[in-house]
Amino acid sequence: MKIAIVTGSTGLIGSESVEFFSKKFDKVIGIDNNLREWFFGNDASTLWNKKRLIQLLPNYKHYDVDIRDKDDVEKIFNKYGSDVELIIHTAAQPSHDWAAKNPLADFTVNANGTLVLLEMCRTYCADAVFIFTSTNKVYGDSPNKLPLVEHEERWEIDPKHPYYENGIDESMSIDQSKHSLFGASKVAADIIVQEYGRYFKMKTGVFRGGCLTGPKHSGTRLHGFLSYLMKCTISGEHYTVLGYKGKQVRDNIHSYDLVNMFWHFYNNPLQGEVYNVGGSRFSNCSVLEAIKLGEEISGKKLNYSINGTNRIGDHIWWISDISKFKTHYPDWDFRYDLPGILTQIHDYLIAHKPDE
Ligand SMILES: NC(=O)c1ccc[n+]([C@@H]2O[C@H](COP(=O)([O-])OP(=O)(O)OC[C@H]3O[C@@H](n4cnc5c(N)ncnc54)[C@H](O)[C@@H]3O)[C@@H](O)[C@H]2O)c1
């Protein structure tokens, strides 16, 4: 029996992973206790997605377990043992702002939870591939010190800078910058996942995401930029842009394209490897550009204002250089560009009521 375990299985990346790997594995085990609703409120609940996966996939088994609870997590790993060939760990507290409200909960979910899973993997299925969804926030606010140039609708990096062509690569320091509490808890997890690869020779991969997006995001004010933006455009709800004149740039990757990267890594895994992953130069936008595109796609005007205060440690310009991943896995490529992603989010939101 070939089994994959996915944590955060009813979130954006987790649910995409469950669907993808249910076609490749005999069984997919999901771990998610809908903590997203506790973090962000009813709007962010992922119960609709849990219901959908259980109905859709006969080989999906769901556990309402908290990854911090070692005893409960151990029961799952003990049950499936060495049949587990892949672990995709996406469960997390994912917001900067929320982390500052409750640093203890943020750190224990992001850092301790990751350690629990690594230890269970080492104990019960040490040959499995362990994939961790890290974040570009591990670089703290170092990207804000790059030479940036203001354009009419976006910030850009100086064309003479080496990062101009492809974006920021993995050689940027993750040390001595302001990360936000969230960035710091993810750094702890990121390093420990690398360490289990280097020290214990386990097949661990760290994927440092830019903006991860897609129609299955339970987008909310504090997390899920494109999904929440489109929700507001459709519903007429007011949207507040936080700082940088709305010209901050994000690269956006569809959850399918990221999960397809996991598949390529799984088939040819390395130990403790780190990749920047995102839409790269292929798919990126400023908030102002995203608003414009969202309005074109929906045929509606977004009711928004721009607040002068940015989030602490928030990036002004981020584009992931994904060349390292593409060099290691040349057969992988993007399926979705930015207009394609936003159109999909729009169509999904129109077709599904929030409580479905
Ligand atoms: N979405 C992004 O733009 C983005 C960017 C960079 C990195 N990431 C990282 O990618 C991963 C996945 O992001 P996402 O957008 O799919 O997040 P998400 O919030 O949609 O999904 C995470 C899921 O984990 C669950 N969860 C949280 N804490 C848990 C716990 N203690 N026990 C069990 N389940 C728990 C939540 O209920 C949620 O369903 C996260 O690690 C996040 O930090 C996301």
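In listed order, ligands and their atoms are each counted from 1.
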Can a salt bridge be assigned to the pair Asp64 and Lys50 using a cut-off of 4.0 Å between side-chain N and carboxylate O?
yes
the protein heavy atom lying closest to atom 27 (C) of ligand 1 turns out to be Ala92 O, 3.3 Å
Would a single hydrophobic cluster contain both Phe225 and Ile319, if residues Ile, Leu, Val, Met, Phe, Trp and Tyr are joined by side-chain heavy-atom contacts under 4.5 Å?
no
Do Thr240 and Asn307 get their side chains close enough for a donor-acceptor pair, meaning under 3.5 Å?
no
At a 4.0 Å threshold, what atoms of ligand 1 neighbour a non-hydrogen atom of His217?
1 (N), 15 (O), 20 (O)
Which residue and heavy atom of the protein sit nearest atom 26 (N) of ligand 1, plus the separation:
Ala91 CB, 3.9 Å
Has ligand 1 got any nitrogen or oxygen that is less than 3.5 angstrom from a nitrogen or oxygen of Thr133?
yes
Can an N or O of Ile67 be found at a distance shorter than 3.5 Å from an N or O of ligand 1?
yes
May I ask you to decide if the ring planes of Tyr256 and Phe20 are parallel, tilted or perpendicular, using 30° and 60° as cut-offs?
tilted
Considering the heavy atoms of Thr10, write down every atom of ligand 1 situated less than 4.0 Å from one of them.
39 (O)
Check whether any side-chain heavy atom of Tyr163 lies under 4.5 Å from a side-chain heavy atom of Asp321, and answer yes or no.
no
Return the orientation label for the Phe265 and Tyr275 ring planes: parallel under 30°, perpendicular over 60°, tilted otherwise.
perpendicular
Can you find an N/O atom of Ile13 closer than 3.5 Å to an N/O atom of ligand 1?
yes
Of all the atoms in ligand 1, which lie at a distance below 4.0 Å from a heavy atom belonging to Cys211?
3 (O)
Ligand-side contact atoms (ligand 1) for residue partner Val65, heavy atom cut-off under 4.0 Å:
32 (N), 33 (C)
For atom 17 (O) of ligand 1, what is the closest protein heavy atom, and at what distance to 0.1 Å?
His223 CE1, 4.0 Å
When you check the gap from the basic side-chain N to the acidic O, do Lys75 and Asp71 get nearer than 4.0 Å?
no
Please confirm whether Tyr266 and Phe25 have ring centers closer than 6.0 angstrom.
yes
On the ring face of Tyr239, is Arg221 found with NZ or CZ under 6.0 Å from the centre and within 45° of the axis?
no
Should Lys186 be counted as touching ligand 1, given the test is an N or O pair under 3.5 Å?
yes
For atom 29 (C) of ligand 1, which of the options Asn33, Asp32, Leu12 provides the nearest non-hydrogen atom?
Asn33
To which protein heavy atom is atom 5 (C) of ligand 1 closest, and what is the distance rounded to 0.1 Å?
Gly210 O, 2.9 Å
Could you say whether the N/O atoms of Leu35 and ligand 1 ever approach to under 3.5 Å?
yes
In terms of ring plane angle, is the pair Trp318 and Tyr139 parallel, tilted or perpendicular, where the classes change at 30° and 60°?
parallel
Using a 4.0 Å heavy-atom cut-off, which part of Ser134 comes near ligand 1: side chain, backbone, both, or neither?
backbone
Under 4.0 Å from a heavy atom of Asn34: which atoms of ligand 1 are those, numbered in the order shown and with their elements?
37 (O)
Just checking, any donor-acceptor pair under 3.5 angstrom between side chains of Tyr196 and Glu119?
yes
With heavy atoms and a 4.0 Å threshold, my read on which part of Val109 contacts ligand 1 is side chain
Please determine whether side-chain hydrogen bond (donor to acceptor under 3.5 Å, both in side chains) holds for the pair Asp175 and Ser173, giving the CA-CA distance in whole Å, both sets of side-chain angles, and the decisive distance to 0.1 Å.
CA-CA 5 Å; Asp175 194 15; Ser173 171; 5.2 Å; no
Under a 4.0 Å N-O cut-off, is there an ion pair linking Arg52 with Glu19?
yes
Checking the N or O distance criterion of under 3.5 Å, is ligand 1 in contact with Phe182?
no
For atom 21 (O) of ligand 1, the closest protein heavy atom turns out to be Gly11 CA, 3.3 Å
Protein heavy atom at shortest distance from atom 8 (N) of ligand 1
Leu212 CD1, 3.6 Å
Distance under 4.0 Å to a non-hydrogen atom of Thr90: what atoms of ligand 1 satisfy this?
11 (C), 12 (C), 22 (C), 40 (C), 41 (O)
Report the nearest protein non-hydrogen atom to atom 31 (N) of ligand 1: residue, atom name, distance rounded to 0.1 Å.
Asp66 OD1, 3.0 Å
Closest protein heavy atom to atom 19 (O) of ligand 1, given as residue, atom name and distance to 0.1 Å:
Arg36 NH1, 2.6 Å
Would you mind telling me if ligand 1 is within reach of the side chain of Thr7, the backbone, both or neither, using heavy atoms under 4.0 Å?
neither
For the pair Trp332 and Phe334, name the ring-plane relationship: parallel under 30°, tilted 30 to 60°, perpendicular over 60°.
perpendicular
